[in-house]
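Report on one structure; see the data block that follows.
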Amino acid sequence: MAKKKILFINQEISPYVPDNNLSLMGKKLPQAMQERSHEIRTFMPKWGTINERRGQLHEVIRLSGMNLIINDTDHPLIIKVASIQSARIQVYFIDNDDYFSKRQMEKDEKGEDYPDNGERAIFFARGVLETVKKLRWVPDIIHCQGWMSAVVPLYVKTAFHDEPSFAEAKVVTSLFTKNIDKDLGENFKKCLEFRDVNEELLKGYNDNFDFDELGKLAIDYSDGVIQSDSEVNVELLDYAKGKNIPVLGYQEDFADAYEAFYESLFPDEV
């Protein structure tokens with residue numbers, strides 16, 4: 001496979017959050033692709049549970065300072081960075097006091113989904129894309145892992161489609177098992193509106209986005225879909241296949257299969 005620039009947008013990455021299939025893939029997949037000589041960049045939210053001193057996170061002043069308007073409110077975008085020495089990969093963190101630093105992950109201390117999880121996902125998606133633009137880095141592939149990144153495909157293919165950083169990028173979405181229980185609130189669709197993303201574009205989706213509706217949104221704007229858990233919603237897999245989107249089934253030995261899947265998205269290069 002010709003060497004590619006791959007942007008990984010992860011909900012979770014080990015060791016910054018507890019080990020599970022999602023967080024382990026967040027670390028292992030970028031590491032595997034870097035070891036195969038692909039150029040990578042990796043992002044995740046700066047969850048409030050992350051110990052910045054232990055993880056040796058520090059703010060990147062030149063990338064921070066932008067305000068993103070979500071739900072008619074300005075939210076400062078803060079970018080931090082750290083390195084996973086054992087994997088030899090660098091991780092960029094999207095931070096904001098209201099959405100991340102002072103919060104748990106998707107659930108609060110009582111185990112309840114945060115009512116503004118949808119806004120948090122929008123802020124994360126736009127924060128990553130704006131930061132990649134500032135880096136002046138042009139990915140060939142954008143790989144989204146976890147519901148927190150599910151808004152990214154929509155924005156890449158619509159609101160940011162004319163941006164040089166993303167105009168030619170192929171988007172891959174990994175499907176994992178469900179980890180939010182409630183829908184994202186009646187205001188989520190309105191908050192999604194940005195540039196080319198308008199009410200008309202979103203009218204085919206349910207007003208109340210739940211985990212599965214969010215998955216459909218990600219699939220609709222992806223060039224490829226990967227089943228990254230042995231058990232995911234079969235309806236979402238069937239939905240992708242029904243859209244004639246390439247789907248890669250679950251792979252225990254994932255690295256070679258994922259690389260070959262990436263390559264298949266560039267048939268003109270074969």
Side-chain angles (χ1 to χ4, degrees), residues 7-13 16-17 22 26 41-50 52 57 59-61 63-81 91-108 113-135 142 144-160 163 165-166 171 173 179-180 182-198 201-202 205 209-211 213-215 217-218 221:
L7 171 61
F8 292 101
I9 306 178
N10 303 281
Q11 178 176 309
E12 302 176 19
I13 300 175
Y16 300 110
V17 301
L22 181 54
R41 296 288 186 276
T42 303
F43 284 79
M44 74 172 287
K46 210 299 288 177
W47 303 111
T49 54
I50 295 173
E52 294 193 35
L57 278 67
E59 185 175 351
V60 186
I61 302 298
L63 297 176
S64 300
M66 179 182 295
N67 278 7
L68 303 181
I69 299 174
I70 311 290
N71 199 16
D72 298 325
T73 303
D74 279 354
H75 298 277
L77 173 62
I78 302 169
I79 307 300
K80 296 176 180 176
V81 70
V91 179
Y92 290 93
F93 295 84
I94 298 295
D95 199 5
N96 173 268
D97 285 345
D98 295 326
Y99 286 140
F100 297 114
S101 287
K102 299 177 181 178
R103 306 276 202 96
Q104 304 280 329
M105 295 173 64
E106 68 273 358
K107 299 181 186 297
D108 62 20
D113 289 356
Y114 286 107
D116 63 349
N117 271 339
E119 289 184 33
R120 299 169 85 201
I122 293 168
F123 181 88
F124 177 59
R126 287 177 52 189
V128 171
L129 297 177
E130 293 291 356
T131 303
V132 172
K133 283 171 52 183
K134 277 192 174 184
L135 289 170
I142 300 172
C144 303
Q145 300 196 97
W147 70 265
M148 180 59 70
S149 66
V151 177
V152 171
L154 168 70
Y155 283 149
V156 169
K157 299 294 187 178
T158 57
F160 289 81
E163 300 280 1
S165 292
F166 310 113
V171 180
T173 290
N179 60 351
I180 53 173
K182 296 181 179 179
D183 66 50
L184 299 180
E186 60 185 17
N187 201 37
F188 176 67
K189 281 177 76 171
K190 187 66 179 176
C191 291
L192 268 179
E193 295 181 16
F194 176 65
R195 295 181 180 171
D196 297 339
V197 181
N198 52 39
L201 189 70
L202 299 171
Y205 297 98
F209 267 74
D210 59 11
F211 182 83
E213 196 73 1
L214 197 59
L217 178 72
Y221 292 91

Within the structure provided, determine whether Leu184 and Phe211 are in side-chain contact (heavy-atom separation under 4.5 Å).
no
Which atom of Glu119 lies closest to which atom of Cys191, heavy atoms considered:
CG-SG, 4.1 Å
For Glu193, check side chain to side chain contact (heavy atoms under 4.5 Å, CB included) against everything at least two apart and list the hits.
Lys190, Glu199, Leu202
Residue pair Lys46 / Glu52, side-chain heavy-atom distance below 4.5 Å
yes
For Glu106 and Asn117: C-alpha separation, side-chain torsions, deciding distance, then whether side chain to side chain donor-acceptor pair (under 3.5 Å) applies.
CA-CA 7 Å; Glu106 68 273 358; Asn117 271 339; over 6 Å; no
For Cys144 and Pro153, work out which heavy atoms get closest and say how close.
SG-CD, 4.0 Å
Cation-pi check for Phe8 against Arg41: NZ or CZ below 6.0 Å from the six-membered ring centre and within 45 degrees of the axis, yes or no?
no
Could you pull out all residues at least two apart from Glu213 that satisfy side chain to side chain donor-acceptor pair (under 3.5 Å)?
Asn206
Taking side chain to side chain contact (heavy atoms under 4.5 Å, CB included) as the definition, give me every residue that meets it alongside Lys134, ordered by chain and number, with sequence neighbours left out.
Leu63, Met66
For Lys133 and Phe166, which heavy atoms make the closest approach, and how far apart are they?
CG-CE1, 3.8 Å
Phe188 versus Tyr205: any side-chain heavy-atom pair under 4.5 Å?
no
Ignoring hydrogens and geometry, is there a side-chain-to-backbone donor-acceptor pair from Ser64 to Ile61 under 3.5 Å?
no
On a heavy-atom basis, which atom in Val197 and which in Leu192 lie closest, and how many Å separate them?
CG1-O, 3.6 Å
Would a 4.5 Å heavy-atom cut-off, applied to side chains only, mark Val17 and Ile13 as touching?
no
Here the side-chain hydrogen bond (donor to acceptor under 3.5 Å, both in side chains) pairs for residues 151-160, sequence neighbours left out, are Lys157-Asp223
Using atom types as modelled and distance alone, determine if a side-chain donor or acceptor of Gln11 lies under 3.5 Å from a backbone N or O of Trp147.
yes
For Trp47, what residues pass the ring-ring contact (aromatic ring centres under 6.0 Å, His included) criterion, not counting sequence neighbours?
Phe100
Sequence-distant partners of Lys107, side chain to side chain donor-acceptor pair (under 3.5 Å), two or more places apart:
Asp113, Asp181
Indicate yes or no for a side-chain donor-acceptor contact from Glu59 to the backbone of Lys80 under 3.5 Å, with no hydrogens or angles considered.
no
Using the test side chain to side chain donor-acceptor pair (under 3.5 Å), find all partners of Thr49 that sit at least two apart in sequence or belong to another chain.
none
State which residues pass ring-ring contact (aromatic ring centres under 6.0 Å, His included) with Phe43; sequence neighbours excluded, sorted by chain then number.
Tyr92
Side-chain heavy-atom pair Ile50, Phe93 within 4.5 angstrom cut-off
yes
Check the pair Thr131, Leu77 against side chain to side chain contact (heavy atoms under 4.5 Å, CB included), reporting the backbone distance first and the verdict last.
CA-CA 9 Å; Thr131 303; Leu77 173 62; 4.0 Å; yes
Using the test side chain to side chain donor-acceptor pair (under 3.5 Å), find all partners of Arg126 that sit at least two apart in sequence or belong to another chain.
none
Kindly write out the residues that satisfy ring-ring contact (aromatic ring centres under 6.0 Å, His included) with Tyr99, not counting sequence neighbours, or none if the list is empty.
His75, Phe123
On a heavy-atom basis, which atom in Met44 and which in Glu12 lie closest, and how many Å separate them?
CE-CA, 4.1 Å
For the residue pair Leu154 and Leu201, establish whether any side-chain heavy-atom pair is separated by less than 4.5 Å.
yes
Using side-chain heavy atoms (C-beta onward) and a distance below 4.5 Å, is Ile94 in contact with Ile79?
yes
Rounded to the nearest 0.5 Å, what separates atom OH in Tyr114 from atom CG in Asp108?
5.5 Å
In chain order, what residues pass the side chain to side chain contact (heavy atoms under 4.5 Å, CB included) check against Ile69, with sequence neighbours excluded?
Asp74
What's the shortest heavy-atom distance between Ala125 and Val152, and which atoms?
CB-CG2, 3.7 Å
With sequence neighbours excluded, tell me which residues meet side chain to side chain contact (heavy atoms under 4.5 Å, CB included) with Pro76.
Asn67, Asn96
Can you find a pair of side-chain heavy atoms, one from Pro45 and one from Arg120, that are under 4.5 Å apart?
no
Between Asp95 and Lys102, does any side-chain N to carboxylate O distance fall below 4.0 Å?
no
